[in-house]
Amino acid sequence: MDEELLRYLRQFLPDYMVPSAIVVLDELPQTPNRKVDVNALPAPRLPATATQSTEPPRDGLERALAAVWCELLRRDEIGVHDDFFRLGGNSLLVMRVVAQVRKTYGVKVSARDVFEHPTIAALAERIREAEDQSERTDRAMSAERA
């Protein structure tokens with residue numbers, strides 16, 4: 001049933017909006033104030049297909065991204081072609097990825113970059129392209145001043 005529902009959702013939603021797992025509960029756990037007790041929710045069991053590759057990071061940038069993703073997604077390892085959202089990533093974690101990558105590694109990355117390039121390999125390539133473009137722009141501006 002879960003896989004059927006996920007297939008249905010994929011017809012109408014972009015990949016990053018399709019949940020990585022569905023957990024059916026008889027009722028939501030509540031706090032004494034009758035709000036959803038998020039801490040009491042069971043951890044979803046991700047399907048075996050959530051991990052698509054075992055190809056390890058190939059360079060320093062990919063290793064840095066993988067370290068951040070592993071920490072935030074609570075995984076021991078992530079292949080460079082694994083999809084962030086299929087591994088359990090969400091928009092809140094995207095913001096944490098962006099902040100942590102900028103703070104820890106000084107790499108400029110935006111939330112949009114993560115949504116549009118949801119694998120380590122694709123995101124690393126996007127970052128490299130942006131850095132190359134920035135360097136070309138800097139060289140052109142320096143040449144104009146000279």
Side-chain angles (χ1 to χ4, degrees), residues 1-139 141:
M1 160 127 174
D2 293 350
E3 195 55 44
E4 184 179 329
L5 179 55
L6 290 172
R7 271 195 303 276
Y8 176 79
L9 291 173
R10 284 188 190 104
Q11 293 175 23
F12 302 101
L13 298 172
D15 279 344
Y16 64 86
M17 292 184 76
V18 176
S20 53
I22 296 173
V23 177
V24 179
L25 302 174
D26 293 330
E27 61 183 38
L28 293 173
Q30 296 182 345
T31 65
N33 295 334
R34 301 187 48 83
K35 294 184 178 183
V36 175
D37 186 351
V38 176
N39 295 324
L41 290 170
R45 282 178 268 158
L46 296 174
T49 59
T51 301
Q52 301 165 353
S53 78
T54 56
E55 186 174 342
R58 302 164 288 206
D59 62 23
L61 177 57
E62 288 183 356
R63 279 190 290 282
L65 292 172
V68 170
W69 287 23
C70 283
E71 179 183 336
L72 294 176
L73 296 171
R74 295 184 176 123
R75 291 184 167 261
D76 293 331
E77 62 181 38
I78 295 176
V80 295
H81 301 295
D82 291 339
D83 186 289
F84 180 78
F85 301 101
R86 294 221 173 136
L87 294 173
N90 56 47
S91 59
L92 294 176
L93 288 178
V94 166
M95 299 312 294
R96 291 180 62 193
V97 165
V98 168
Q100 197 164 342
V101 168
R102 284 182 182 173
K103 178 183 173 188
T104 307
Y105 302 101
V107 175
K108 292 182 181 177
V109 62
S110 70
R112 180 181 207 143
D113 290 332
V114 179
F115 281 106
E116 292 179 354
H117 308 281
T119 67
I120 290 170
L123 184 58
E125 183 61 29
R126 171 67 185 109
I127 292 168
R128 286 187 200 98
E129 288 171 3
E131 288 173 345
D132 289 347
Q133 179 64 35
S134 178
E135 287 175 14
R136 284 193 297 273
T137 301
D138 290 346
R139 281 195 303 267
M141 291 178 75

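Just the heavy atoms: all of them, side chains too, but no hydrogens, waters or symmetry mates, feed the values below. Keep in mind it's a predicted model, so treat the numbers as computed, not measured.
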Taking the side chain as C-beta and beyond, is there a heavy-atom pair between [X] and [Y] under 4.5 Å?
X: Asp113; Y: Ile127; result: no
X: Ile120; Y: Pro57; result: no
X: Leu65; Y: Val97; result: no
X: Val114; Y: Leu123; result: yes
X: Val68; Y: Thr104; result: no
X: Leu5; Y: Leu9; result: yes
X: Ile78; Y: Leu73; result: yes
X: Asp37; Y: Gln30; result: no

Out of curiosity, [X] [atom1] to [Y] [atom2], how far, rounded to the nearest 0.5 Å?
X: Arg112; Y: His117; atom1: CZ; atom2: NE2; result: 9.0 Å
X: Asn90; Y: Met95; atom1: CG; atom2: CE; result: 11.5 Å
X: Thr119; Y: Arg126; atom1: OG1; atom2: CZ; result: 13.5 Å

In terms of heavy-atom contacts, Cys70 and Glu77 come closest through SG-CA, 3.7 Å

Closest heavy-atom pair, Pro42 versus Leu25, reported as atoms and distance to 0.1 Å, is CG-CD2, 3.7 Å

* Using the benzene-type ring in the case of Trp, are the ring centres of Phe115 and Phe84 under 6.0 Å apart? -> no

Atom CZ of residue position Arg128 - does it have more than 12 heavy atoms of other residues, nucleotides or ligands inside 6.0 Å?
yes

Heavy-atom neighbours of Arg102 CZ exceed 12 at 6.0 Å:
yes

Looking only at atom types and distance, does a side-chain atom of Asp83 sit under 3.5 Å from a main-chain N or O of Phe85, one as donor and one as acceptor? yes

Q.
Applying salt bridge (charged side-chain N to carboxylate O under 4.0 Å, His left out) to Arg58 and Glu55, what does each step give before you reach the verdict?
A. CA-CA 8 Å; Arg58 302 164 288 206; Glu55 186 174 342; 3.2 Å; yes

